[in-house]
Structure formats: C-alpha cells, structure tokens
Amino acid sequence: MRFLRKQKKSYDRAMDWFKANMVTDKGIIVHTRQPVPYPEVTGYFVPTLYQWGETALARTCTRWLLSVQLPDGAFPAPDGVPYTFDTAQVMRGLCAALEHGEQVEEPLRRACDWIVGQIDPAGRLKTPSTALWGDIASDLIHTYAIFPLIQAGQLLGKSDYVEAGHFVQSFYKTQEPLVAFNRLSHFHAYAMEALWELGELDLANRGMANVEKAQRKDGAIPAYPDVKWVCSTGIAQYALVWYRLGKTERADGAMTYLESIQNNSGGFSGSYGEGAKYIPGAEISWAVKYFLDAYWQKLHGDPRND
C-alpha cells in the first residue's frame with residue numbers, strides 16, 4: 001500500500017489533500033491548524049475544481065459560498081469581516097459556476113456592486129479591514145481583484161463593471177512598487193498573475209525578470225530576495241505565470257522543486273527552510289490550489305496562448 005501511494009501522481013495527491021481537508025458540504029479549510037472553511041480560497045478553488053473535472057465538488061463549494069454571502073453582497077474572511085480581496089476571489093468562483101450553468105447571476109451582481117463601492121476616486125481599491133494582512137501584505141494585492149470584476153461584467157452583460165475594472169487597472173499599473181520583487185513571493189506573485197490576466201505582459205515580464213534572478217539551480221525561489229527559506233505558494237504561482245509567459249524551463253524547474261518538498265499528505269506547508277516565517281508547520285490550502293493550477297498549465301497549456 002505504501003508503494004502504491006508513492007506511485008500516485010503529485011497532482012492526484014494534491015487533489016486528495018483537498019478532498020481530505022474540505023469541510024463536509026462547505027469549503028476548503030484555512031490550514032491544518034485552523035480547520036475552518038475559508039470563503040476566499042474556496043472561491044478561487046472553484047475554477048480549479050471545474051478545470052480538473054471535479055464538478056460535484058465545485059457545485060458543493062458554490063452552494064456553501066452563496067450561503068455565507070453577507071446582506072451587502074460582500075463575503076467574509078474567517079474573522080467574519082468582509083475584505084475586498086476575499087470578495088473578489090469568491091467572484092472568481094461565481095464566474096466559473098455561471099459559465100458551468102449555475103444560477104448565480106444575482107449573488108454575483110451583488111458582489112460586483114459591493115466591489116465597485118470600494119473604488120476610490122483615483123481608482124484604488126479600498127477594503128473595510130486590513131487586520132489579517134499583518135505586515136506582509138499591501139493593497140497591491142488588489143490587482144488580483146480586477147480581473148474577476150471585468151470577467152463578471154462580461155458574463156453579466158454589465159459594461160459598467162468592465163469599465164470600473166479597467167479604471168482600477170489604470171491606477172495600479174502605474175504604481176512603481178508593483179513589479180519589484182520586494183515583498184513575500186506569494187503576494188508579489190498575485191500581482192504577476194494579475195498582470196498576465198489583464199494583458200499587461202510588459203509589466204509581467206519585468207516583474208518575472210526579477211524572480212528569474214532569484215531562482216536557484218534546484219528550481220527554488222526564496223520567499224524574499226534576501227532569505228534562504230521558501231514560500232510554497234509563491235513558487236507554485238510563479239510556475240503558473242512562467243508557463244503562461246512561455247518560460248517553460250523556469251516553470252518546470254519550479255515544479256520539480258515543489259514535487260521534491262510536497263508532504264506525504266499531498267499538501268504543502270506554508271514555508272520551508274531555516275528561519276521560515278510564513279505559516280511553517282501547517283499545511284495551507286492555497287498552496288495546493290496554485291500547485292494544481294500550475295500542473296494543469298504544464299499538462300494542457302492555456303487556450304489563450306494558442
């Protein structure tokens with residue numbers, strides 16, 4: 001039996017981890033030390049589940065997400081407070097559900113209306129709280145909230161949502177710190193994927209050039225440019241972006257490294273190595289999501305690259 005487990009593909013083991021750590025009839029946990037369902041990660045896991053053919057799981061997650069939507073249209077973080085970033089990630093899931101025939105138009109519109117209400121006159125996205133960000137995140141992660149607003153507008157036939165998304169895009173693309181690899185890899189990688197989604201390929205390539213300089217011979221990428229420890233999610237996200245940018249050798253190296261550190265459970269700890277500071281010792285759900293996304297890209301590519 002042990003031999004058979006070892007022979008299972010790394011992506012199958014990762015999906016097994018999701019199934020083992022999904023709260024029954026709800027969503028995926030935050031991490032193994034906080035085993036409560038997490039709307040944000042459950043939301044952006046829904047497209048991943050559809051992509052891997054796990055339609056029943058995607059629908060279960062969607063039903064639970066609809067049950068926790070707040071009266072104003074936002075979605076709560078585990079602390080019960082609505083965050084702009086979290087709501088946008090649930091919108092990714094609702095967009096995928098809508099594309100697969102689920103009747104989620106009204107809740108998706110309510111979420112979009114709430115997001116639009118967070119846009120300030122300059123185009124910056126506000127958020128009711130930053131308490132869970134600590135000192136390792138900034139509002140630059142809101143670049144990853146733009147595409148779901150634009151996508152929702154396109155799916156719902158609401159041009160005002162699309163225009164609002166492009167207005168926010170015009171603000172964040174001019175922020176000088178956006179592309180620099182000067183923060184935790186996970187949060188920098190959110191911006192890199194967002195730039196790819198939005199067609200800002202010059203900016204995405206500029207940011208990823210900084211990551212290339214930091215990548216080690218074994219494929220690892222440090223969590224920050226000046227540390228030795230790694231953030232598993234950041235590496236998976238960078239692999240995904242590299243595949244989408246056609247940097248296959250870089251991406252393959254990152255994936256080989258991730259497979260070498262994948263836990264026996266199929267999951268990934270938040271960080272590894274001496275001095276690791278990003279949720280070390282607990283298996284986090286978002287690392288599995290991006291590992292599965294990157295592996296899908298490795299195996300199948302993306303139709304937008306054809």
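The basis for the numbers below is simple: all heavy atoms, side chains too, and nothing from hydrogens, waters or symmetry mates. Predicted model, so just to flag it, every value in this text is computed and none were measured.
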**OP:** Under the side chain to side chain contact (heavy atoms under 4.5 Å, CB included) rule, what do Leu94 and Val46 come out as? Steps first, then yes or no, please.
**Re:** CA-CA 8 Å; Leu94 297 184; Val46 168; over 6 Å; no
**OP:** Answer yes or no: is there a side-chain heavy-atom contact under 4.5 Å between Gln69 and Pro76?
**Re:** no
Subject >> Summary of ring-ring contact (aromatic ring centres under 6.0 Å, His included) pairs that have at least one residue in residues 199-222, sequence neighbours excluded >> reply: none
Original post:
For the residue pair Trp114 and Pro82, what are the closest heavy atoms and their distance?
Top reply: CZ2-CB, 4.0 Å
Subject >> Gap separating the CE atom of Met255 from the CG atom of Leu240, nearest 0.5 angstrom >> reply: 9.0 Å
Original post:
Does any N or O in the side chain of Asn263 come within less than 3.5 Å of the main-chain N or O of Ser265, such that one atom is a donor and the other an acceptor?
Top reply: no
Original post:
So, do Glu40 and Trp286 sit near enough that their side-chain heavy atoms are less than 4.5 Å apart?
Top reply: no
Original post:
Under the ring pair (Phe, Tyr, Trp, His ring centres under 6.0 Å) test, which residues partner Trp52, sequence neighbours left out?
Top reply: Tyr11, Trp296
**OP:** For the pair Glu54 and Arg59, evaluate side chain to side chain contact (heavy atoms under 4.5 Å, CB included) and give the outcome as yes or no after the intermediate values.
**Re:** CA-CA 9 Å; Glu54 298 288 351; Arg59 288 175 175 164; over 6 Å; no
Original post:
In terms of side-chain geometry, is the basic nitrogen of Asp16 or Lys8 positioned less than 4.0 Å from the acidic oxygen of its partner?
Top reply: yes
**OP:** Verify, without hydrogens or angle tests, whether His188 (side chain) and Arg183 (backbone) share a donor-acceptor contact under 3.5 angstrom.
**Re:** no
Original post:
Going by heavy atoms in the side chains, are Tyr38 and Ile29 under 4.5 Å from each other?
Top reply: no
**OP:** Please test Arg33 against Ile279 for side chain to side chain contact (heavy atoms under 4.5 Å, CB included), starting from the C-alpha separation and ending with a verdict.
**Re:** CA-CA 9 Å; Arg33 288 204 302 261; Ile279 320 179; 4.2 Å; yes
Original post:
Within the distance-only criterion (no hydrogens, no angle test), does the side chain of Ser271 pair as donor or acceptor with the backbone N or O of Cys231 below 3.5 angstrom?
Top reply: no
Donor-acceptor pairs are to be reported for all side-chain atoms of residues 83-91 against protein atoms at under 3.5 Å, with residues two or more places apart or in another chain.
{"from": "Tyr83", "atom 1": "OH", "to": "Asp79", "atom 2": "OD2", "distance (Å)": "3.3"}
{"from": "Tyr83", "atom 1": "OH", "to": "Ser129", "atom 2": "OG", "distance (Å)": "3.1"}
{"from": "Tyr83", "atom 1": "OH", "to": "Ala131", "atom 2": "N", "distance (Å)": "3.4"}
{"from": "Tyr83", "atom 1": "OH", "to": "Leu132", "atom 2": "N", "distance (Å)": "3.1"}
{"from": "Thr84", "atom 1": "OG1", "to": "Lys126", "atom 2": "O", "distance (Å)": "2.5"}
{"from": "Thr87", "atom 1": "OG1", "to": "Phe75", "atom 2": "N", "distance (Å)": "3.0"}
{"from": "Thr87", "atom 1": "OG1", "to": "Phe75", "atom 2": "O", "distance (Å)": "3.4"}
{"from": "Thr87", "atom 1": "OG1", "to": "Tyr83", "atom 2": "O", "distance (Å)": "3.0"}
{"from": "Gln89", "atom 1": "OE1", "to": "Arg92", "atom 2": "NE", "distance (Å)": "2.7"}
{"from": "Gln89", "atom 1": "NE2", "to": "Phe85", "atom 2": "O", "distance (Å)": "3.3"}
{"from": "Gln89", "atom 1": "NE2", "to": "Tyr144", "atom 2": "O", "distance (Å)": "3.3"}

Subject >> Min side-chain heavy-atom separation Tyr272-Pro280 under 4.5 Å >> reply: no
Subject >> From CD (Glu212) to NZ (Lys247), nearest 0.5 Å >> reply: 4.5 Å
Original post:
Is there a path of hydrophobic side-chain contacts, each under 4.5 Å between heavy atoms of I, L, V, M, F, W or Y residues, that connects Leu70 with Leu149?
Top reply: no
Subject >> Exercise: identify the closest heavy-atom pair between Ala191 and Thr143 >> reply: CA-OG1, 3.5 Å
Subject >> Least distance between heavy atoms, Val23 atom then Pro35 atom >> reply: CG2-O, 4.1 Å
**OP:** Quick one: which residue pairs count as a salt bridge (Lys or Arg N to Asp or Glu O under 4.0 Å) with a foot in residues 252-274, not counting sequence neighbours?
**Re:** Asp252-Lys298
Subject >> Residue pairs, two or more places apart or on separate chains, that pass side-chain hydrogen bond (donor to acceptor under 3.5 Å, both in side chains) and touch residues 215-236 >> reply: Gln215-Arg250
Subject >> Distance in Å, Leu57 CG paired with Lys19 NZ, rounded so as to fall on 0.5 Å steps >> reply: 6.0 Å
**OP:** Ignoring hydrogens and angles, tell me if any N or O in the side chain of Glu102 forms a donor-acceptor pair with the backbone of Thr62 under 3.5 Å.
**Re:** no
Original post:
Less than 4.5 Å apart, any side-chain heavy atom of Ser269 and any of Ile284?
Top reply: no
Subject >> Exam field: side chain Ser285 to backbone His31, donor-acceptor pair closer than 3.5 Å >> reply: no
Original post:
Do Lys213 and Pro225 touch side chain to side chain, with heavy atoms closer than 4.5 Å?
Top reply: no
Original post:
In Å and rounded to the nearest 0.5 Å, what is the CD1 to CG distance from Ile146 to Leu195?
Top reply: 8.5 Å
Original post:
Side chains of Leu184 and Tyr278: does their closest heavy-atom pair fall under 4.5 Å?
Top reply: yes
Subject >> From Leu49 atom CG to Met22 atom CE, the distance as rounded to the nearest 0.5 Å >> reply: 8.0 Å
**OP:** For the pair Tyr44 and Tyr290, name the ring-plane relationship: parallel under 30°, tilted 30 to 60°, perpendicular over 60°.
**Re:** perpendicular
Original post:
Which pairs count as salt bridge (Lys or Arg N to Asp or Glu O under 4.0 Å) when at least one residue sits in residues 282-291, sequence neighbours excluded?
Top reply: Lys289-Asp293
Subject >> Nearest atoms (heavy-atom pairs only) where Leu65 meets Gly43 >> reply: CD1-CA, 3.7 Å
Subject >> Partner residues of Thr127 under the side chain to side chain donor-acceptor pair (under 3.5 Å) criterion, sequence neighbours left out >> reply: none
Donor-acceptor pairs are to be reported for all side-chain atoms of residues 160-168 against protein atoms at under 3.5 Å, with residues two or more places apart or in another chain.
{"from": "Tyr161", "atom 1": "OH", "to": "Arg109", "atom 2": "O", "distance (Å)": "3.4"}
{"from": "Tyr161", "atom 1": "OH", "to": "Asp113", "atom 2": "OD1", "distance (Å)": "2.6"}
{"from": "His166", "atom 1": "ND1", "to": "Gln169", "atom 2": "OE1", "distance (Å)": "3.1"}

**OP:** Evaluate the side-chain proximity of Leu140 to Phe187: yes if any heavy-atom separation is below 4.5 Å, no if none is.
**Re:** no
Subject >> Nearest-0.5 Å distance that lies between atom CG in Leu66 and atom CG in Leu108 >> reply: 10.0 Å
Original post:
Are there more than 12 heavy atoms of other residues, nucleotides or ligands under 6.0 Å from atom CG of Asp72?
Top reply: yes
Subject >> With sequence neighbours excluded, residues passing side chain to side chain donor-acceptor pair (under 3.5 Å) with Tyr50 >> reply: none
**OP:** Step by step, work out the side chain to side chain contact (heavy atoms under 4.5 Å, CB included) result for Trp17 and Ile28.
**Re:** CA-CA 10 Å; Trp17 187 93; Ile28 192 62; 4.0 Å; yes
Original post:
Quick one: ring pair (Phe, Tyr, Trp, His ring centres under 6.0 Å) partners of Phe45, sequence neighbours excluded?
Top reply: Phe18
Subject >> Residues in side chain to side chain donor-acceptor pair (under 3.5 Å) contact with Asp25, at least two apart in sequence or another chain >> reply: none
**OP:** Taking all non-hydrogen atoms of both residues into account, name the closest pair between Pro39 and Val68 and its distance.
**Re:** CG-CG2, 4.4 Å
Original post:
Which residues pass the side chain to side chain donor-acceptor pair (under 3.5 Å) test with Thr60, sequence neighbours left out?
Top reply: Arg63
Subject >> Residue pair Phe268 / Leu258: nearest heavy atoms and the distance that separates them >> reply: CE2-O, 3.3 Å
